[in-house]
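To start, the structure itself, in structure tokens.
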Amino acid sequence: MSTDESTDESTDESTTPLLEVTDLRKSFGDQEVLRDIDFTVEQGTVTVLLGPSGSGKTTVLRSLNALEVPDAGVVRIEDVEVDFGQARSRRDADRDLARLRRQSAMVFQAHHLFPHRTVLQNLTEGPIHAQGRPEAEVVPEARVLLEQVGLADREDAYPSQLSGGQQQRVGIARALALKPRLMLFDEPTSALDPELVGEVLGVMKDLAAEGWTMVVVTHEIRFAQQVADQVLFLDDGVIAERGPASQVIEDPREARTRQFLHRILDPL
Amino acid sequence: MTHRRRTLALLMAWGALLLGLVAPAAAEEPAPAATVVRVGTEGTYPPFTFHDPDTDELTGYDIDVIREVGKRAGWDLQFVEAQFDSIFPALDAGRIDVIANQISLNPEREAKYAFSTPYTFSQGVIVTAADTDDITTLEDLRGKTMAQSSTSNWAQVARDAGGDVRSVESLAQAAELLEQGRVDALVNDNIAVLDYLAASGSTDVKIAGVVEGEETQQALAFAKSDTALRDQADQALADMAKDGTLTEISESYFKADVSVKDGGGEADLSGRDSDKGSWQVVQDATGPMLKALVQYTITLSLLSMALGLVLALLVALARLSTRPWLHWPARAFISLIRGTPLLVQLFIVFYGLPQAGIKFESYPAAVLALSLNVAAYAAEIIRSSILSVPKGQSEAAATVGMGYALTMRRIVLPQAARTAVPPLSNTFISLVKDTSLASGILVADMFRVAQNYAGATTEYLPLYTLAALFYWIVCAVLSFGQSRLETRLERHTL
């Protein structure tokens, strides 16, 4: 099965993909960090972005919620579409970016929990204050999410009182509390001690099984193999290879993909 | 609980604001009646204008004269006390209507102001340390260091004699410098000097000679255009001279009639000698000083800090903005305020702006100038505190759906507060002490009251030590509050 066919197949199954990225470009000064980035993500699937550091995978992910603003290209999440190349007033641009951002939620490498809020407040901050939903509805939901990530007994703790793995699980629960269409993970286990990685990946696997649509930047090859429906390999600002994990990871066609996987799996 | 934490910073700011608003409102003068006449006077120049150490009442020869004039002319008097060098600017700015402060007539002043008929005739004298014997005439003053109020006519006499004039705020201060050997001589009015010698009991200074040709006349000074008030005063003074009231007032202070030419030669002020000990003076001063501390020093500090913080936050956010029309004015404001002395800012607001048609009373003027000053310093503190919050916090706030205002209010500022509290407390503590500068724009703050008592009793060391103690207590309380606040803001970082 070829890369292109796999994408076409899923397009045939459901009517339109949840996420569609068309011709994304981005430069920092003279340096072009992204070009010709095109891909789609189907509802309920997991897409893993792999690639060496500096390849642009985090920039792609952060373009999906406009934490980085691309120079050109279109990002559409469900019914919200932003054409970054289009000239707009600052006010219109800010409004469009905010609308796009509301479609997704993000889990950061360094968790970025709000240190001055308790665990429970970290979850309810967005739903209550940004989304304006009633506290009486949000708080019970947040408690369910904390239970789901195994932290039901820590709701009154502050982030600084938790271990790294617990902090990252709160980060995931905080993202879920927003009820996003799309979950974005930016190297969620890279900053963790090795023995804590498993608990976070475990939660992510559960989410995939529940049918969450996820885009994940990670170096965890085994996670990609087990969970990813689609793997995008980025190198030097372009998608060098794409396809199901079974193909991209186990039988890569591109030399640079093989080289990268070799370095990751056998660093010595 | 959530609510309380969320609004902690705001509550504090508003609490301080309310406290500040209530106190000065209570301190305001009663609403003026028909012919209100505001009288500018030093209050630290015995026996002419000073506070009775027993009652803290404003009294003195000039005060009794203007009270009697006011009574006869049907004026409702309001006394505005300020150091001498602020009095003429206050008259120029229309903040007072008349000066009753032994204002000597001279051609420059007569060109600029309207004067009543004189009510004091006095003789200029040269004062030196008791053991100085090479200064007896004006000629001897050439090259000598002299202490004078810079805008008084005696300063001009000293300058004309070739003296090197150092500015002081009162005769008592000048005499103190003389006793301490910091200056060589001073010239002043013989009556004022006799009073000083009697009140202080000082044997360290002496009248070394008379200023030849400096028989001076003192009168009430009005704005040049205010001849109606002046004419009423002249009428009253003429009546008082005729029926003996003026002589009576003079004799009660000087045991001589200084209101007529050559009448003051035998002035005897020995009755003024107060045998009160330092301890008694300190006890007398404590109450009025505490009252001024609460009424002015503390309310000025709280109100200026609260307004200054609100303004500082806006300036800091403008300074951080990428929009040039917000960014550059904020930078300019910070640069201007930090680059100029607070005293100059106070004077621009109080004495300068009226010439541009913008007039504030002393208290609001002090609040305005102090708030602007605090705002510039605090803006830089707040800006750097905001920058110290990791960028990831704003990004995380954006991904949970927060816009700029919500991110600032709920995520960034609460974290920046922890960083900002120690340097902001420093600013606050400086502000408390800087309120003493407001006495320069006619605010009768705590230090001003201490100066009044010091002027009347010459008990400098105990009174200024008491003032220092009061400032220290206020600042110590603030420091305690600061550490409590820090602990509270730190509770989530174990």
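A note on names: the letters A, B, ... follow the listed sequences, proteins ahead of strands, and every chain is numbered from 1. Just so it is clear, the values below take in all heavy atoms, side chains as well, and ignore hydrogens, waters and symmetry mates. All values derive from a computational prediction rather than experimental measurement.
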Whatever's closer than 4.5 Å to a heavy atom in chain B on A/T124 counts as neither

Under 3.5 Å, is there a donor-acceptor pair between the B/S430 and B/Y377 side chains?
-> no

Applying a strict 4.5 Å limit to non-hydrogen atoms, the region of A/L113 in contact with chain B is backbone

Listed by number, the residues in residues 75-89 of chain A that come under 4.5 Å of chain B (heavy atom to heavy atom) are none

The interface call for A/F108 against chain B, heavy-atom contacts under 4.5 Å, is side chain

Note: vs chain A, highest number of non-hydrogen pairs under 4.5 angstrom among B/G401, B/A396, B/G403 is B/A396

ask   = Is there a side-chain hydrogen bond (donor to acceptor under 3.5 Å, both in side chains) between A/S104 and A/N65 once you walk through the steps?
value = CA-CA 7 Å; A/S104 64; A/N65 62 1; 4.6 Å; no

- Have A/H111 and A/Q168 got a donor and an acceptor in their side chains that come within less than 3.5 Å? no

If one checks every heavy atom of B/L406 against chain A at 4.5 Å, the contacting part turns out to be side chain

Interface check, chain B: of A/Q131, A/E125, A/R102, most non-hydrogen pairs under 4.5 Å belong to A/E125

Hey, does the side chain of A/E137 reach the backbone of A/R133 with a donor-acceptor pair shorter than 3.5 angstrom? no

Q. More than 12 foreign heavy atoms under 6.0 Å from CZ of B/R484: is that the case here?
A. no

Closest heavy-atom pair, B/M408 versus B/P414, reported as atoms and distance to 0.1 Å, is O-CD, 3.8 Å

- prompt: Cut-off 3.5 Å, side chains only: do A/R181 and A/Q43 have a donor facing an acceptor?
  reply: yes

Charged tip of B/R338 within 45° of B/F333 ring normal and under 6.0 Å: no

I'd like to know whether CZ of A/R25 has more than 12 heavy-atom contacts from other residues, nucleotides or ligands below 6.0 angstrom. yes

Filtered by a 4.5 Å non-hydrogen cutoff, the part of residues 142-155 of chain A contacting chain B is none

Quiz item: Do NZ/NE/NH1/NH2 and the carboxylate oxygens of A/R95 and A/D92 come within less than 4.0 Å?
Solution: yes

Q) Under 3.5 Å, is there a donor-acceptor pair between the side chain of A/K26 and the main chain of A/V69? A) yes

* Around atom NZ of B/K359, are there more than 12 heavy atoms of other residues, nucleotides or ligands at under 6.0 Å? -> yes

ask   = Are A/T47 and A/Q230 close enough that a side-chain donor and a side-chain acceptor fall under 3.5 Å?
value = yes

If you tally heavy-atom pairs under 4.5 Å between each of A/A157, A/A130, A/G126 and chain B, the highest tally belongs to A/A130

